[in-house]
There are 2 protein chains.
Amino acid sequence: MSLPHAILTALLEKPSSGLELTRRFDRSIGYFWSATHQQIYRELGKLEEAGLIRALPSAQPARGRRKEYEVLPAGRAELTGWVGRSEDPKPVRDALLLRMRAAAVVGTEGLEAELGRHLDLHRRQLAEYEDIERRHFPPERDAAEDRLRHVVLRGGIELERFWIGWLTEALAEVGGPPPAPRRG
Amino acid sequence: MSLPHAILTALLEKPSSGLELTRRFDRSIGYFWSATHQQIYRELGKLEEAGLIRALPSAQPARGRRKEYEVLPAGRAELTGWVGRSEDPKPVRDALLLRMRAAAVVGTEGLEAELGRHLDLHRRQLAEYEDIERRHFPPERDAAEDRLRHVVLRGGIELERFWIGWLTEALAEVGGPPPAPRRG
DNA sequence: TACCCCATGTAAATAGTTACATGATTCA
DNA sequence: TGAATCATGTAACTATTTACATGGGGTA
């Protein structure tokens with residue numbers, strides 16, 4: 001149940017309309033909690049209903065009309081509580097690891113290309129994170145707030161490095177070894 | 001759409017009843033694709049309906065009566081196709097990274113304990129994986145099938161190590177630095 | 001026969017995805 | 001005035017989670 005909290009965080013960082021939030025979920029905060037515009041509009045409605053956020057008075061409500069939201073005290077309180085709440089990590093559900101395991105049973109046909117494609121995607125994502133790191137977290141800055149956000153970004157960076165490492169290893173196993181290495 | 005493929009893989013490894021599958025989803029294959037017994041029974045029904053698996057003739061169908069399934073050729077073909085299919089990685093959705101980011105806005109109260117708890121959970125999981133590695137993949141074995149499964153397990157191991165590293169770093173940031181380090 | 005555990009399921013709620021609909025604004 | 005784009009939404013579907021229901025077999 002983290003989507004509302006992702007939205008509250010984004011709105012505290014900067015009051016926004018639904019579309020602006022959607023754009024920020026395509027970069028920034030969305031790197032760690034993705035969401036589509038349909039989810040976002042639905043959730044904004046619920047959060048407003050629950051009294052955690054409100055539409056800025058300037059925005060008269062009408063379809064097609066821009067509507068900006070800000071977080072109310074109750075919303076900030078909810079987010080503050082959530083930060084320290086006990087919540088177990090979700091069990092892993094990764095399709096690529098699973099496919100590798102399926103390949104152990106039915107063969108690896110077509111898998112090498114797919115692993116290579118993923119490797120490329122993760123390399124691009126890593127490059128993007130590293131670029132953000134250079135621009136947003138130069139060595140001389142270290143406000144506490146920034147340090148926390150930097151740790152989050154480093155999590156993203158290290159996660160991409162994990163995938164790059166694993167995919168490289170996996171490719172060596174799938175594509176690398178000749179069919180009968182000990183006879184070669 | 002990976003649950004049916006996870007089940008097909010598990011059933012190819014060994015024909016099983018729903019409950020047996022459930023138990024194997026609590027360890028082994030479930031380390032990479034978790035599922036509850038409700039999901040499994042529902043999906044077994046769909047897979048049987050679709051002609052990808054069948055109940056072994058021995059098991060007469062009745063509620064409360066054990067029912068074993070095996071994979072049919074069509075099921076194996078479906079799984080073989082899926083292994084090489086093109087499927088983009090799912091965007092990251094991680095509650096802990098998100099919470100850290102929320103903490104940058106509303107403060108870190110209660111977060112340190114939660115990070116510590118997660119660190120402990122990941123250490124246990126790592127220990128379990130390493131134990132499995134010792135037991136199932138001793139250095140002298142290297143059948144191709146085993147090597148692929150070993151790569152999958154190493155993925156799990158490296159993922160846990162990533163979390164342990166990141167959580168340690170995050171704890172140092174949240175709990176570590178004194179309130180005003182430059183004045184201390 | 002009462003209780004417990006094995007085993008298979010149903011139901012309802014929540015979360016996420018995909019496809020489509022509609023109004024407002026801008027600019028050629 | 002027509003097309004493109006900004007902006008907000010609805011609807012239908014799929015996936016997942018949580019809680020509960022039911023039957024079978026063994027055994028105290």
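Quick note: numbers below take in every heavy atom, side chains included, and nothing from hydrogens, waters or symmetry partners. Each chain gets a letter, A, B and so on, in the order its sequence line appears, and its residues count up from 1.
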A correct 5'-to-3' footprint of nucleotides 4-12 of chain D, with B, S and - meaning base, sugar-phosphate only and no protein heavy atom under 4.0 Å, is --SBBBB--

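For residues 84-97 of chain A, the set of pairs meeting the salt bridge (charged side-chain N to carboxylate O under 4.0 Å, His left out) definition, not counting sequence neighbours, comprises Glu78(A)-Arg85(A), Asp88(A)-Arg117(B). Sorted by first and then second residue, the salt bridge (charged side-chain N to carboxylate O under 4.0 Å, His left out) pairs with a member in residues 16-39 of chain B read Glu13(B)-Arg24(B), Glu20(B)-Arg66(B); sequence neighbours excluded.
Rounded to an integer number of Å, the gap from Arg93(B) CZ to dT17(D) P is 13 Å. Separating the CG atom of Leu21(B) from the P atom of dC6(C) is a distance of 17 Å, rounded to the nearest angstrom. Taking atom CD of residue Glu43(B) and atom P of nucleotide dT16(D), one finds them 9 Å apart after rounding to whole Å. One atom, CG of Leu98(B), and another, C1' of dA15(C), lie 15 Å apart when rounded to the nearest Å. Remark: C1' of dA15(D) and CD1 of Ile40(B) are 14 Å apart, rounded to the nearest angstrom. When the P atom of dT18(D) is taken as reference, atom CD of Gln39(B) falls 11 Å away, rounded to whole Å.
Take Trp82(B) and apply the ring pair (Phe, Tyr, Trp, His ring centres under 6.0 Å) test, not counting sequence neighbours, and it matches His5(B). Residues that satisfy the ring pair (Phe, Tyr, Trp, His ring centres under 6.0 Å) test with Tyr31(A), not counting sequence neighbours, are Tyr129(A). The ring pair (Phe, Tyr, Trp, His ring centres under 6.0 Å) check on Trp163(A) picks up His122(A), Trp166(A), with sequence neighbours excluded. Residues meeting the ring pair (Phe, Tyr, Trp, His ring centres under 6.0 Å) test with His118(A), sequence neighbours left out: none. Glu48(A) meets the side chain to side chain donor-acceptor pair (under 3.5 Å) test with no other residue; sequence neighbours excluded.
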Margin query: Set out, in order, the CA-CA distance, both residues' side-chain angles and the distance that settles salt bridge (charged side-chain N to carboxylate O under 4.0 Å, His left out) for Arg124(B) and Glu160(B), then state yes or no.
Written below: CA-CA 9 Å; Arg124(B) 284 169 205 267; Glu160(B) 293 306 322; over 6 Å; no

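Annotation: proximity of residues 76-89 of chain A to DNA chain C (heavy atom, distance under 4.0 Å) is found for no residue.
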